[in-house]
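Working notes for the structure below.
Since this is a predicted model, take the numbers as computed values, not measurements. Order of listing sets the numbers, starting from 1, for every ligand and every atom in it. Positions are given from 1, in the same order as the sequence printed here.
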Amino acid sequence: MKYISTRGNAPELSFEEAMLTGLARDGGLYVPETIPTLSREEIAALAGKSYEEAAFTVMRPFVGDAFSDEEFKGIIARAYANFRHEARAPLVQLAPNHYLLELFHGPTLAFKDFAMQLIGQLFQFSLARRNERVTIVGATSGDTGSAAIEAFRGLDNVDVFILFPHGRVSPIQRKQMTTPTDSNVHALALDGDFDDCQARLKDMFNDFEFRDGVKLAGVNSINWARVLAQVVYYFTSAVSLGAPDRKVSFTVPTGNFGDIFAGYIAKKMGLPIERLVIATNQNDILHRTMESGAYTKEGVTPSISPSMDIQVSSNFERALFDAYGRDGGAVAQLMEELKDGAFAISQGAMETLRDHFASGRASEEETTATIAGAFTSCGEVLCPHSAVGVKVANAYLGDVPMVTLATAHPAKFPDAVETAMGARPALPPHMADMMDKDERVTRVPNDLGALETLIKERIAQR
Ligand SMILES: *Cc1c(COP(=O)(O)O)cnc(C)c1O
């Protein structure tokens, strides 16, 4: 299995190389050269299997010869061992034909653990075998950073630096990043918003001297291995609801388009998905794009669902690559135009996108009302991101079962939940003391040179 760049101008890599590299050297994102498919029989055979067994079947064809079957099974087993639910990704019912896929039973209480715990184990295995060290730098709107730190803390061959927007993550998200005491963990509070964090990260990857000097590796949602890990729960949930004999739709609270793109890959692999609904909060670039065909940046307005406060949705580039018939030159051209703030999508590409994706947005008031409504109607406590999903999904309910992805535990966003329903959701008992722990964090300017200097100094000190 070979991986190619969405901008058509970077070396082809193996799964392991693409995973360790992250962003392609032409600025593009790696995607598999072809999407393997599972037969109806193979999909049907997932029924009744454990999450780990399903994960092996779904991901194996993408990995090539990077690991033996036994090695890959061991990696998967270690990745999901710290989850606190036997099913890993359990489904609960909200209403007739509407289900919630709870993706928050991992160590940091958000769906990003599904990918990050796997990637931690993959990196550890590969780097130990190669006798190499890498520097992981990640940008986060909150949940990626804590998930990355939790996945990489204490590993010998990795330093992990996480950039988060100062003052714009929830207190619990911040504590999850700043309280680990491992010496290979570095939490950096940047003076700017999430898009600034993401832009500085991209700048570091485009500074080849720095990139090669510190052996930079990326674990943001642009990393193909993360997308791959997220494909699995589309299969397990759809099969629970009767796939492949019955179609299923999904609504996905979306920011960087990684999670919903994984659903698109599941569909390409043969899972009978009727509809993939993009759910955005008031930062609705993707919804506006689906409506108008124009991808136009606007400023980010902080919301009660901060992990979706994004205006440049990196993984959307992968969907564009397919919509443009896998023409890397065309994608590179669009991304060049985006430097001036906008690009227009061709009519043919829009038709392809609309074949797969629908969309909707939830305002702050609608999100709050949805949290209150779900608690009244079925006793389910939703986090604000999941509530955005449920609100948008409600417009698409029908004969086909709808699965809305619940991306975080409500206790990660206690203020928004308390405002909506008058009760404060409690952290799970094993995390109850987190808010009292000491923090370790460095405030940093929104400046590439200063960041690179800091990272080099920290690595030298180890
Ligand atoms: C990251 C995140 C999202 C958005 O996921 P993308 O893959 O970036 O679209 C939604 N909800 C929560 C809680 C998140 O942490």
Determine all donor-acceptor pairs shorter than 3.5 Å in which one atom belongs to a side chain in residues 247-255; sequence neighbours excluded.
unit_1	atom_1	unit_2	atom_2	d
Lys247	NZ	Glu274	OE1	3.2
Ser249	OG	Arg275	N	3.3
Thr254	OG1	Val252	O	2.6

Margin query: Run Met1 and Val63 through side-chain contact (heavy atoms from CB on, under 4.5 Å) and show every step you take.
Written below: CA-CA 7 Å; Met1 173 68 69; Val63 171; over 6 Å; no
Is there any protein N/O under 3.5 Å from an N/O of ligand 1, and what does the full list of such pairs look like?
unit_1	atom_1	unit_2	atom_2	d
ligand 1	7 (O)	Gly258	N	3.3
ligand 1	7 (O)	Asp259	N	2.9
ligand 1	8 (O)	Asn256	N	2.8
ligand 1	9 (O)	Gly255	N	2.9
ligand 1	9 (O)	Asn256	N	3.3
ligand 1	9 (O)	Phe257	N	3.1
ligand 1	11 (N)	Thr407	OG1	2.8
ligand 1	15 (O)	Lys112	NZ	2.5
ligand 1	15 (O)	Asp143	OD2	2.5

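Salt bridge present: Asp143 and Lys412 bring a charged side-chain N and a carboxylate O closer than 4.0 Å. Looking at Arg7 and Asp26, no side-chain N of the basic residue comes within less than 4.0 Å of a carboxylate O on the acidic one, giving no salt bridge.
In this structure, the ring of Phe114 has its center less than 6.0 angstrom from the ring center of Phe83.
For the 3.5 Å distance criterion, the side chains of Gln333 and Glu337 qualify, holding a donor opposite an acceptor.
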